[in-house]
J.: 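I have a structure I would like to understand better, so I am pasting it below and will then ask my questions one at a time.
Computed from a predicted model, the values in this text were never measured in an experiment. A note on names: the letters A, B, ... follow the listed sequences, proteins ahead of strands, and every chain is numbered from 1.
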Number of protein chains: 2
Amino acid sequence: MESERRIDPVNCSVARALSVVGERWSLLIVREALDGARRFGELRARLGIAGNLLSTRLSTLVAAGVMRRVPYQDPGDRHRYEYELTEQGMDLRITLMALLEWGDKYLADPQGPSVVVRHRAAEGDATCEERVRVVLECSAGHTHVPPQSVHRTPGPGARFLEASPRPGDTAQA
Amino acid sequence: MESERRIDPVNCSVARALSVVGERWSLLIVREALDGARRFGELRARLGIAGNLLSTRLSTLVAAGVMRRVPYQDPGDRHRYEYELTEQGMDLRITLMALLEWGDKYLADPQGPSVVVRHRAAEGDATCEERVRVVLECSAGHTHVPPQSVHRTPGPGARFLEASPRPGDTAQA
DNA sequence: CCTCCTGAGTTGCGTTTTTCTACTCAGCCA
DNA sequence: TGGCTGAGTAGAAAAACGCAACTCAGGAGG
């Protein structure tokens, strides 16, 4: 049975990531922030989210280090706060793009995707405006690794489940 | 001048994708399914999820086309059902890997990530076992597009917000 | 035949989250 | 002084969650 060691699925970065951004609205707030929304009222208007929920979510995201609260003051107006993404928050862009691609592929509007992500890079006198996609690449340089040809291996922080639960074993702790 | 047109954030594939897999547990169920869990009891034991929730989630995922219910029968046991991912479900692998990488980067166990995803491909007599990462690539062939150098453009199914409800917007800027 | 056992759910019920609506609060402006 | 606006807070209703107990179908054992 020892050969059956399985990585503990609870001690997993996916689970931890979802505990931070897996709540309703969280990823949508990050998406709008990536698109330039910074102020409470703007986020609320764009998403149609209730004020108290937005308030709670923003606090959670700030506490988690995904966003940061920065003071600002419009001329002739009082001092207020707005919210901006941290590096950690901007790094969610790839996750959001993966979700976008998946949604485009399976759930898009009949007319096609509503958003297309494009590359913006200088190329001599023109700029590259080609479509950007999320792909898998291995560090040996293999690009376009098909998702079927990857597998999970234990990392340095792995914990294992001793008693391998036969299908049918009810959880016991 | 309509230069201020903004893509309607509600008509977005991210929002639609989250309406399918954004509920609590959904992505974790998909993750376990990708790792080989197929049976109700096994999913329940691995995740520690309550039976009624797992039941509800599986129904939702099946209805959405992410998973499929297939009959099976162990020798000397009665006929039962198990759950397997559809193509649509397996395509969530990239999303999950993006989430995993993000979690590894910012929320990992102090000892390091618990899971490392590796390439499994034949390479002459050996196999490639290098680490796999999620990267952005544009269709002009630029690989390693930094997340900062992408931008959103309207696609064929885009809808726009006419009266921009931006709180700070006065007359046309 | 009758009873026990097991995996796969379903049902009931109390707790937690989410949502909606209305209200407050701080400062600018008139 | 009182109105206006962006940024929240408060409270009640609705939905989702989680536990435990229960049902259900069939095989095994007697």
Side-chain angles (χ1 to χ4, degrees), chain A residues 10 15 18-29 32-33 37-63 67-84 164-173, chain B residues 10 15 18-29 32-33 37-63 67-84 164-171:
Chain A
V10 173
L18 286 173
S19 75
V20 170
V21 295
E23 293 161 307
R24 212 159 306 206
W25 297 110
S26 298
L27 279 175
L28 293 174
I29 291 170
E32 291 309 315
R38 300 173 61 85
R39 301 193 182 172
F40 190 93
E42 182 163 22
L43 287 165
R44 182 162 57 166
R46 287 197 190 189
L47 294 170
I49 181 178
N52 56 352
L53 263 203
L54 178 56
S55 188
T56 307
R57 284 293 167 277
L58 287 172
S59 309
T60 306
L61 291 172
V62 167
M67 303 190 87
R68 149 189 332 126
R69 216 160 166 255
V70 300
Y72 75 95
Q73 184 162 26
D74 281 347
D77 200 356
R78 77 176 153 123
H79 160 272
R80 297 175 187 285
Y81 288 99
E82 58 187 0
Y83 299 87
E84 77 179 14
S164 135
R166 291 164 294 119
D169 244 8
T170 33
Q172 136 146 348
Chain B
V10 173
L18 287 173
S19 75
V20 170
V21 295
E23 292 162 305
R24 208 158 305 197
W25 297 110
S26 297
L27 280 176
L28 293 175
I29 291 170
E32 290 308 316
R38 301 172 61 85
R39 301 192 182 171
F40 190 93
E42 183 162 20
L43 288 165
R44 183 161 58 165
R46 287 199 191 189
L47 294 169
I49 182 180
N52 56 349
L53 280 195
L54 178 56
S55 186
T56 307
R57 284 295 167 277
L58 287 172
S59 308
T60 306
L61 291 172
V62 167
M67 302 190 86
R68 152 190 329 128
R69 216 161 167 255
V70 299
Y72 75 96
Q73 186 162 25
D74 280 347
D77 200 356
R78 77 178 153 126
H79 157 273
R80 296 175 187 284
Y81 287 99
E82 60 188 358
Y83 299 86
E84 77 179 14
S164 145
R166 279 187 38 170
D169 255 8
T170 39

J.: With a 4.0 Å limit, can you tell me whether A/Arg69 has a side-chain N or O closer than that to the phosphate oxygens OP1/OP2 of D/dG8?
T.: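 Yes, such a contact exists.
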J.: Side chain of A/Arg80, heavy atoms from C-beta onward: which of D/dG6, D/dG8, D/dC17 has the nearest atom to it?
T.: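 The answer is D/dG6, which lies nearest to the side chain.
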J.: Given the rule in the salt bridge (charged side-chain N to carboxylate O under 4.0 Å, His left out) test, do A/Arg46 and A/Glu42 qualify, once you have shown the distances and angles that lead to the verdict?
T.: CA-CA 6 Å; A/Arg46 287 197 190 189; A/Glu42 182 163 22; 3.2 Å; yes
J.: Hey, which sits more toward the 5' end of DNA chain C by its nearest nucleotide, B/Phe40 or B/Asn52?
T.: B/Phe40
J.: Assign each of B/Ile49 and A/Tyr81 to its nearest nucleotide of DNA chain D by heavy atoms, then name whichever residue's nucleotide is nearer the 5' end.
T.: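 Final value for this comparison: A/Tyr81.
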J.: Mark yes or no for whether B/Ser55, through its side chain, and B/Gly51, through its backbone, hold a donor-acceptor pair below 3.5 Å.
T.: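 A pair under 3.5 Å: no.
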J.: Quick one: list whatever passes side-chain contact (heavy atoms from CB on, under 4.5 Å) with A/Tyr81, sequence neighbours left out.
T.: A/Arg69, A/Pro71, A/His79
J.: Quick one: A/Arg39 CZ to D/dT5 P, roughly how many Å, whole number?
T.: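 Going from CZ in A/Arg39 over to P in D/dT5 covers 16 Å.
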J.: Which nucleotide in the list C/dT10, C/dG7, C/dT18 gets nearest to the side chain of A/Arg24?
T.: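 For the A/Arg24 side chain, the nearest candidate turns out to be C/dT18.
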J.: Please report the distance, rounded to the nearest Å, between NE2 in B/His79 and P in C/dA8.
T.: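 Rounded to whole Å, this separation is 12 Å.
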J.: So, is A/Trp25 near the phosphate of C/dT19, with a side-chain N or O under 4.0 Å from OP1 or OP2?
T.: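 For A/Trp25, the contact criterion (side-chain N or O under 4.0 Å from OP1 or OP2 of C/dT19) is met.
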J.: Given the structure, check if the side chain of A/Asp74 and the base of D/dG6 hold any donor-acceptor pair shorter than 3.5 Å.
T.: no
J.: Quick one: pull up OG in A/Ser26 and CG in A/Leu18 and give me the separation to the nearest 0.5 Å.
T.: 10.5 Å
J.: What is the distance from CG of B/Leu58 to P of D/dC17, rounded to the nearest Å?
T.: 14 Å
J.: Mapping A/Arg57 and B/Asp77 to their closest nucleotides on DNA chain C, which lands nearer the 5' end?
T.: B/Asp77
J.: Quick one: A/Arg38 CZ to D/dA7 C1', roughly how many Å, whole number?
T.: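 Rounded to the whole Å, the gap is 16 Å.
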J.: Between C/dA8 and B/Tyr72, is there an OP1 or OP2 to side-chain N/O distance shorter than 4.0 Å?
T.: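 Answer yes for this pair, as a side-chain N or O of B/Tyr72 is under 4.0 Å from OP1 or OP2.
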J.: How many Å lie between CD on B/Glu42 and P on C/dA8, as a whole number?
T.: 10 Å
J.: To the nearest angstrom, how far is B/Leu53 atom CG from C/dG12 atom P?
T.: 16 Å
J.: On the nucleotide C/dG9, are OP1 or OP2 found under 4.0 Å from the side-chain N or O atoms that B/Tyr83 carries?
T.: yes
J.: Can you check the B/Leu54 CG to D/dA16 P distance for me, whole Å?
T.: 17 Å
J.: Rounded to the nearest 0.5 Å, what separation is found between the CG atom of B/Leu54 and the CD atom of B/Glu32?
T.: 11.0 Å
J.: Once you round to the nearest 0.5 Å, how far does OH of B/Tyr72 lie from CZ of B/Arg78?
T.: 9.0 Å
J.: Nearest to the side chain of B/Ala50, heavy atoms from C-beta on, is which of C/dT18, D/dG18, C/dA8?
T.: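 Nearest listed nucleotide: D/dG18.
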J.: Can a side chain N or O of B/Ser55 be found less than 4.0 Å away from OP1 or OP2 on C/dG9?
T.: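 For C/dG9, OP1/OP2 do not have a side-chain N/O of B/Ser55 under 4.0 Å.
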J.: Is there a donor and acceptor pair, one atom on the side chain of B/Arg78 and one on the base of D/dA25, closer than 3.5 Å?
T.: yes
J.: Could you state the CD-P distance from B/Glu23 to C/dT17, rounded to the nearest angstrom?
T.: 17 Å
